[in-house]
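What follows is a set of notes on a single structure, which appears directly below.
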Amino acid sequence: MLSDQQKDLIQSSYRQFTAREGYKSRYGQRVMIAEIAKYIGSIEENEEGLRTSAPAVCVVEAGTGTGKTLAYSIAVLPLALDQGRKVVISTATTALQEQVLAKDLPELARFSGLHFDYALAKGRGRYLCVSKLDQHLQNLGGDQSALPLFIANDTPADALDQATLEAFLNAYATGEWDGDRDSWEQAIEQDVWRQITTDNQQCANRRCSYFSTCPYYEARKRWDEADVVVANHDLVLSDLALGGGVILPSPESSFYIFDEAHHLADKALGHFTVAGGVKVMENWLKTLSKSLAELVPFLGQSHPLQRQIADSTSTLEQCHHWLTEAYTFVVQQTEWQEDDGSSSKRFRYKEGVIPAELGQMAVELKQGFAAICRLLDGLRNEVTRAVDEKSDCGLSKEEGEQWFPVVGGLCNRAEAHFDLWSFYARPSKEGAPPDARWMVFRDQENHSDVWLYGSPLSAGGVLREALWNKSYGAVLTSATLTALGRFDRLAHKTGLPAESVYHCVPSPFHFNEVATLRVPPMRSDPGNSEAHTEELIASLELWLGEHRAVLVLFSSRKQMNDVFYGLDRGLRAEIMTQDDMSKQELVASHKRKIDKGERSILFGLASLAEGIDLPGEYLSHVVIAKIPFSVPNDPLEQSMSEWLEAQGRNPFMEITVPDASLKLIQACGRLIRTEQDRGVITILDRRLLTRRYGGLLVQSLPPYKQEFARQEG
């Protein structure tokens, strides 16, 4: 329970912040502060400050306009500062991260009376590696001693030029650039950036000669010292995969706040998905052989690694053999299905069960890549010793530094291949949800390959063990966390502990006064895609009306483009599609047209259904082409549905409809962003009125004024 002193600290901070001229206190915001503070007060700890009470998470769905960032910051930060704890704020999108850093936290520090430091945390891959940059410049200058870095280099030969690399080095050396990719004035091509950045495996850390001037570790100093660290879901998950407390503050002593928390489960699932191309692996084995051959002359003749490298030849040959066998087997023995809208084919293994022949190949490849991983671990240890000047392997300190990123990169790839084949060799656990396994066959003119994929059906178990059971406390918040009015779907997907608490905080907006939800009469059912598209082409201009600022959202790129090219040329001139430019450029162009008094209609997909703000005159009409059900051929969706059906459950009502509800709320939420906004939402899907689940979807939306027409046909 919170002490009176702690309550006073929160209340006084909020009073000071809201007392400034022009700020309006909000009821929902106060409720959110109180519920989060109550949750924190329920956490029990020992003398060392570690949580002793059962794991629990505070989940708060807070409607648009609540002021979530201030609410969770005012609730958590005073208590964290009082207890000497770190606060990690994690977002899913760059836009919210920038808002928290550039606006919300500076305002809180200025007006609340709280004294705290805050910093942005990014992954190592967003920063320049000075060591690799220097080696590339040496190589381009004709210095063959820098050769190791280029052995495993798959970048096009003309991607790196001396002038570009020297510009990077000069800008960093003079202090004009901090080495952060995002702060470079122009966009840096991925092929270039990949060669001058690094990752955890390739970085020599304090052993590197450039450690004292490393951009990443300079940034680390700022967030290591900060009271509040602003990160993203991917970085938090990467830290947890390393055990927690490696990149970010230790989970056991930290408060986590996950904003845009509806993305967390899918982000986590992406971290646990394994994938690999069979031909890609074969080519990598050739690269590995070449790298080992280049390294051998640096090793002393009597060093044990000489013998291990020599012995590895048979292992590499065996792996190559089994990869060839696996490729031939899956290409010839698989009933491939055409992948809609692409030249590739796909196949999903029912219940995740693969043929016995492929399973045996997976076991052999798992063992082979395990042996490769052991060899590379030994090499990495020796290279590390060389950098520390403690090795007798023949490598000098300078040579060790040059080989370190190469061996680290090889370790990364070997471990990824081992993880894939381990996943395919793993038997199913009785009674547990099966793993999903699927393949994609890409048959191109000059190259073909089979990509294998594997994923657990849910990230809940991993999140429970790695995050909820370890962290001191955590808050999940977003404007859309409930599906059909319940938190069940979120709790299952994220593995929330049984003791978690859930709250819905209402939006301050009077939706029934400022927005109208319209479902016009429709002849076609969206289940008949061709007929639905034809009706959209024929009637869209009528449905758009006189609105100047319009956002039209589609569930598929094909329908978006079919509708666009089917419209009258005059109307097309007023439309910009998501294929025309990046999301940021699209929004900026839209605003410029509206500012000039012109009409602007945006055609977009799911990424425009959230994370963009078009307040006031920038948006008065949102058109949603159809209920945003998941893509029918999504292998994870299919695998989960299959498992639920085997249990006699209804996957459509348990998964498909709840997930569509979340997406629909997000899409409708683009319209009303401020108290001054007004407009119309038109959904061109008669199933909202003709199907039983349609009523559930409508009920889960904010209480808009409704204009539902009698349906035709």
Side-chain angles (χ1 to χ4, degrees), residues 55-62 90-93 232-234 236-238 240-241 256-274 352 429 431-436 453-471 474-504 606 609-610 628-631 634-647 649-666 693 696-697 700:
V57 176
C58 181
V59 183
V60 184
E61 180 179 80
S90 179
T91 74
T93 61
N232 59 42
H233 298 348
D234 286 318
V236 172
L237 292 164
S238 296
L240 295 174
Y256 286 94
I257 300 170
F258 292 97
D259 206 336
E260 299 175 313
H262 57 285
H263 286 293
L264 182 60
D266 291 336
K267 291 279 188 182
L269 208 55
H271 275 256
F272 307 134
T273 297
V274 293
K429 294 181 181 179
D435 293 321
Y453 296 86
S455 172
L457 294 191
S458 172
V462 181
L463 284 174
R464 187 182 303 111
E465 293 301 317
L467 182 54
W468 314 133
N469 287 354
K470 293 177 66 175
S471 64
V475 174
L476 301 186
T477 188
S478 172
T480 49
L481 292 179
T482 58
L484 303 179
R486 299 173 63 89
F487 287 101
D488 297 16
R489 182 79 175 122
L490 174 76
H492 172 75
K493 290 179 68 174
T494 54
L496 295 178
E499 302 297 323
S500 298
V501 293
Y502 303 87
H503 307 281
C504 284
E610 67 170 300
F629 289 124
S630 299
V631 179
D634 178 78
L636 283 175
E637 179 102 1
Q638 289 177 328
S639 297
M640 179 60 82
S641 296
E642 185 177 74
W643 180 64
L644 291 174
E645 285 176 351
Q647 296 180 305
R649 295 159 66 182
N650 185 339
F652 183 73
M653 293 306 298
E654 286 194 40
I655 298 176
T656 307
V657 174
D659 286 354
S661 172
L662 286 169
K663 294 175 185 176
L664 192 60
I665 294 170
Q666 285 282 357
Y693 62 77
L696 298 175
L697 292 172
S700 68

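Just so it is clear, the model here is predicted, and its values are computed rather than measured.
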Measure the shortest side-chain to side-chain distance between [X] and [Y] over non-hydrogen atoms and say whether it is less than 4.5 angstrom.
X: Y453; Y: L636; value: no
X: H263; Y: H233; value: yes
X: M653; Y: L696; value: yes
X: L269; Y: P456; value: yes
X: V657; Y: L697; value: yes
X: D659; Y: S661; value: no
X: S455; Y: V274; value: no

* Please indicate whether R486 has more than 12 foreign heavy atoms, meaning atoms of other residues, nucleotides or ligands, lying under 6.0 Å from its CZ. =>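 Result for CZ/R486: open.
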* Asked: CD of E645: more than 12 outside heavy atoms within 6.0 angstrom?
  ->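 Count over threshold, so yes.
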Measuring from atom [atom1] of [X] to atom [atom2] of [Y], what distance do you get when rounded to the nearest 0.5 angstrom?
X: L490; Y: H262; atom1: CG; atom2: NE2; answer: 10.5 Å
X: H271; Y: S238; atom1: NE2; atom2: OG; answer: 4.5 Å
X: F487; Y: L476; atom1: CZ; atom2: CG; answer: 10.0 Å
X: S639; Y: L644; atom1: OG; atom2: CG; answer: 11.0 Å
X: K267; Y: N232; atom1: NZ; atom2: CG; answer: 7.0 Å
X: I665; Y: E610; atom1: CD1; atom2: CD; answer: 12.0 Å

Distance-minimising heavy-atom pair for [X] and [Y]:
X: E654; Y: R649; value: OE1-NH2, 2.7 Å
X: A466; Y: L240; value: O-CD2, 3.5 Å
X: S700; Y: L484; value: CB-CA, 4.0 Å
X: W468; Y: P497; value: CB-CG, 3.7 Å
X: V236; Y: S90; value: CG2-OG, 3.7 Å
X: E260; Y: A92; value: OE1-N, 2.7 Å

* Asked: Checking R464 side chain against G495 main chain: does a donor-acceptor pair fall under 3.5 Å?
  ->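 Checked: pair present.
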* According to the interplanar angle, ranging from 0 to 90°, do the rings of F629 and Y693 count as parallel (below 30°), tilted (30 to 60°) or perpendicular (above 60°)? ->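 Judged by the thresholds at 30° and 60°, the geometry between F629 and Y693 is perpendicular.
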* Asked: Going through the distances and angles, do E61 and T477 end up as a side-chain contact (heavy atoms from CB on, under 4.5 Å)?
  -> CA-CA 6 Å; E61 180 179 80; T477 188; over 6 Å; no
* To do: Could you go through the side-chain contact (heavy atoms from CB on, under 4.5 Å) check for L463 and L237 one step at a time?
  => CA-CA 9 Å; L463 284 174; L237 292 164; 3.9 Å; yes
* To do: Starting from the C-alpha separation in whole Å, work towards a yes-or-no answer on side-chain contact (heavy atoms from CB on, under 4.5 Å) for V59 and H503.
  => CA-CA 6 Å; V59 183; H503 307 281; over 6 Å; no
* Which of these passes side-chain contact (heavy atoms from CB on, under 4.5 Å) with Y502: L496, T482, L481? ->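 Only match with Y502 under side-chain contact (heavy atoms from CB on, under 4.5 Å): L496.
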